[in-house]
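In what follows, residues are counted from 1 in the order of the sequence shown.
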Amino acid sequence: SAHGFDRDLQERIRDKYDPALEQKAMDWVAALTGSPAPKVLGHDGAALFNYLKSGVLLCKMLNHISPGVIPTSKIAENPKNMLEERGNIDQYLIGCKRLSIPSQDTFILSDLHSAKSIPAVLQNIYAVGRQAQVIPGFNGPILGVKYNVSIEEQQRRLRVKQEEKIKRMERQRAVSDQQLARRTELEKDKRVELIRDMEESDKRKLTRQLSRGSISKATFKKMSAKSAQRFSLLKDSDTELVTNSDIKYGMDIDLHNKRKQNYCFQKEEQAMDWIEAVTKEEINDFYEDLKTGVVLCRLINCIYPNIVRKIGLKDLPLMHRDNIQMYISACARIKVRETFNVSDLYEKKDLSAVVGNIFALGEKAAFAPKYKGPSLRLNGEIAPYNRLQARRSTSTPLKPLKTKPPPAWEPDASTDQCRKCENKFSLTFRRHHCRNCGKIFCSNCSSHQTPLPEYGLNAPARVCDDCFCSVNGSAPPADQGKGCIIC
């Protein structure tokens, strides 16, 4: 027996089932076939099922309406097993199709033989009774409403529908072909752009190594020739370079082109020079060397010691993203005025924002209390340590970050309502814990997120409104709660 939703569905179908219509349908079949119909006793369609499940009466009914529509040789008059009964029902369904019974008014074999949907069978019998009124030569009893649309007209309407469907599919195919052609064109253009960017990046990398003295002129020429040959072969090859995220449409293309046009490689070089001066590590490619987040974390640790306590060194995308997020959270702690998102660096969505952040950090470094290295000015000049300037700093010393255990969560059973708005929880209105105070709130009163470094949560975590204000010293923005990382 069915349970839950299936049981409710069966009960609704049974309540809507009309025994009077069932009795009329069986009486009509009896009038055509000469086999007496039983009386209907309930709403479950059992009488119709037992009366027609062998399929013999259905086949006789169709042959009475249109003689020969089902060959008598294919009808098992006295079915001895289930296979013969099912064969009769199959023949009846084929006959319905020959009489142009609409597909929405037919049923499948199990609807009758397994009693899966007796209402569908009843609907089919009324559709046959309607169609019988326009079949030439039939003068028998009528079932259902009067119907005068001839079979020729029905077939004409069906052809019109099929032609409209074909035309609609052709239009959709034409649109799809246009989209595919546009996609192919964009992929080709993007591939050319990517190869050109890779080639220019490789040239800048070799030029940087040459200017630093890491390689000799002879090595530079040799490596430049190899690079040119490699990219020449890459242009003529079928190597896949373009991913789905690289393809952009409409305004995204204009935004991408505008960002690329306004990108300043000179500032990128100046930022790399300053990072090398601070960390003493060679930076040859801005994106490739910074995307793991390791260099960024070491950079900010050189300026503010131990502000990032643990740096992930494994070559895993998730760990790279965590490193970048820890660097961004550290910049927020020291109030660097320009910031960026993880995807701006890791997915190369906006490298200009990353360069701007490094310049802002370089300017901030001049006032770091314990830092005695060079700073980066807005004009790109690397300024040496100035003791007088550092002494005039208004910045307070930043203590090394010490993590402590997060507060214990309030048990779910301790309250059935939000601690702030006092609305009661339900199956859809669920409870959430604030990661800062551990109390229970609804989603509306805890929709904001902020890093909690004191608890070791460098990624944004869910907090209540009051804790957000106390941690950040300001009211939360209206749309800040979307897309929290720890929920």
Side-chain angles (χ1 to χ4, degrees), residues 190 192-217 219-221 223-224 227-228 231 246 248 253-300 302-303 324 327-328 331 336-368 371 373-386 389:
K190 190 64 182 178
V192 172
E193 179 186 346
L194 287 175
I195 293 176
R196 184 173 62 249
D197 291 346
M198 291 166 60
E199 191 171 7
E200 292 176 355
S201 176
D202 208 46
K203 288 180 181 178
R204 289 195 302 271
K205 180 178 178 180
L206 292 176
T207 303
R208 184 174 179 80
Q209 290 176 340
L210 178 63
S211 62
R212 192 196 298 117
S214 301
I215 58 175
S216 62
K217 287 186 178 181
T219 306
F220 173 78
K221 291 181 180 179
M223 294 178 68
S224 297
S227 177
F231 284 111
D246 293 330
K248 296 176 176 59
I253 296 178
D254 298 335
L255 182 61
H256 171 74
N257 292 336
K258 188 174 181 180
R259 282 178 174 173
K260 190 172 181 180
Q261 184 179 0
N262 295 334
Y263 189 74
C264 182
F265 288 103
Q266 182 181 2
K267 283 193 170 185
E268 178 188 283
E269 289 287 336
Q270 292 167 347
M272 293 165 65
D273 291 339
W274 179 68
I275 294 173
E276 284 185 347
V278 174
T279 62
K280 310 302 180 185
E281 296 183 21
E282 288 189 3
I283 308 296
N284 297 317
D285 188 289
F286 186 78
Y287 169 69
E288 292 295 336
D289 290 338
L290 298 189
K291 74 173 184 177
T292 62
V294 175
V295 173
L296 291 176
C297 291
R298 289 174 179 169
L299 170 67
I300 202 166
C302 290
I303 302 170
I324 298 173
Y327 167 79
I328 294 172
C331 287
V336 175
R337 56 185 176 83
E338 291 193 29
T339 186
F340 60 93
N341 297 323
V342 175
S343 57
D344 290 340
L345 172 57
Y346 197 77
E347 299 175 13
K348 294 180 74 172
K349 286 190 174 181
D350 191 3
L351 292 181
S352 296
V354 184
V355 174
N357 168 265
I358 293 174
F359 267 78
L361 177 63
E363 186 181 15
K364 189 83 174 176
F367 305 97
Y371 176 64
S375 59
L376 180 63
R377 294 176 179 172
L378 293 179
N379 61 1
E381 180 184 351
I382 298 178
Y385 171 68
N386 188 334
Q389 186 180 27

Quiz item: So Asn262 and Ser352, side chain to side chain contact (heavy atoms under 4.5 Å, CB included) or not? Walk me through it.
Solution: CA-CA 8 Å; Asn262 295 334; Ser352 296; 5.9 Å; no
Practice problem: Evaluate side chain to side chain contact (heavy atoms under 4.5 Å, CB included) for Asp197 paired with Glu193, printing each intermediate quantity in order. | Solution: CA-CA 6 Å; Asp197 291 346; Glu193 179 186 346; 3.7 Å; yes
Quiz item: What do the steps show when you test Lys203 against Glu200 for salt bridge (Lys or Arg N to Asp or Glu O under 4.0 Å), and what is the final call?
Solution: CA-CA 5 Å; Lys203 288 180 181 178; Glu200 292 176 355; over 6 Å; no
Self-check item: Step-by-step side chain to side chain contact (heavy atoms under 4.5 Å, CB included) determination, Glu268 to Tyr263
Solution: CA-CA 9 Å; Glu268 178 188 283; Tyr263 189 74; 2.4 Å; yes
Exercise. Show the numbers, then the answer: is there a salt bridge (Lys or Arg N to Asp or Glu O under 4.0 Å) between Arg212 and Glu276?
Key: CA-CA 11 Å; Arg212 192 196 298 117; Glu276 284 185 347; 2.7 Å; yes
Practice problem: Start with the C-alpha gap between Leu361 and Tyr327, add the side-chain angles, then the distance that decides, and say whether side chain to side chain contact (heavy atoms under 4.5 Å, CB included) holds. | Solution: CA-CA 11 Å; Leu361 177 63; Tyr327 167 79; 3.5 Å; yes
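When all heavy atoms of Ala271 and Phe286 are compared, the pair lying nearest together is CB-CE1, 4.4 Å. Nearest heavy-atom pair across Asp202 and Ser227 is OD2-OG, 2.5 Å. Considering all non-hydrogen atoms of both residues, Ile382 and Pro374 come closest at CG2-CB, 3.6 Å. Considering all non-hydrogen atoms of both residues, Glu363 and Leu378 come closest at OE1-CD2, 3.8 Å. Of all non-hydrogen atoms in Ala360 and Arg337, the two that sit nearest each other are CB-CG, 4.1 Å. Closest of all the heavy-atom pairs between Leu206 and Met223 is CD2-CE, 3.5 Å.
Here CG of Leu194 is found 12.0 Å from OG of Ser201. Values are rounded to the nearest 0.5 Å. Taken from NZ in Lys248 to CD1 in Ile253, the straight-line distance is 9.0 Å, to the nearest 0.5 Å. Taking CG of Leu299 as the reference point, atom CD1 of Ile283 lies at 9.0 Å (rounded to 0.5 Å). Distance check, rounded to the nearest 0.5 Å: CE of Met272 to CG of Asn284 gives 6.5 Å. One finds the CG atom of Leu296 at 6.5 Å from the CD1 atom of Ile275 (value rounded to the nearest 0.5 Å). The CD1 atom of Ile195 sits 8.5 Å away from the CZ atom of Phe231 when rounded to the nearest 0.5 Å.
Between the side chain of Asn379 and the main chain of Glu381, a donor-acceptor pair closer than 3.5 Å is present. In this structure, Trp274 contributes its side chain and Phe359 its backbone to no donor-acceptor pair below 3.5 Å. In this structure a side-chain-to-backbone donor-acceptor pair under 3.5 Å is missing from Lys348 to Leu345. Counting only distance, with no hydrogens or angles, the side chain of Asp289 and the backbone of Asp285 share a donor-acceptor pair below 3.5 Å. Panel note: side chain Ser224, backbone Phe220; a donor-acceptor pair is recorded below 3.5 Å. The main-chain N or O of Tyr346 is found under 3.5 Å from a side-chain atom of Tyr287 such that the two form a donor-acceptor pair. Between the Arg259 side chain and the Leu351 main chain, no donor and acceptor come within less than 3.5 Å of each other.
Heavy-atom neighbours of Lys190 NZ from other residues, nucleotides or ligands within 6.0 Å: above the threshold of 12. Within a 6.0 Å sphere centred on NZ of Lys260, other residues, nucleotides and ligands contribute more than 12 heavy atoms.
With contacts defined as side-chain heavy-atom distances shorter than 4.5 Å, the pair Gln261/Asn257 does not qualify. The shortest distance between side-chain heavy atoms of Cys331 and Asn357 falls below 4.5 Å.
Salt bridge annotation for Asp273-Arg208: present, with a cationic side-chain nitrogen under 4.0 angstrom from a carboxylate oxygen.
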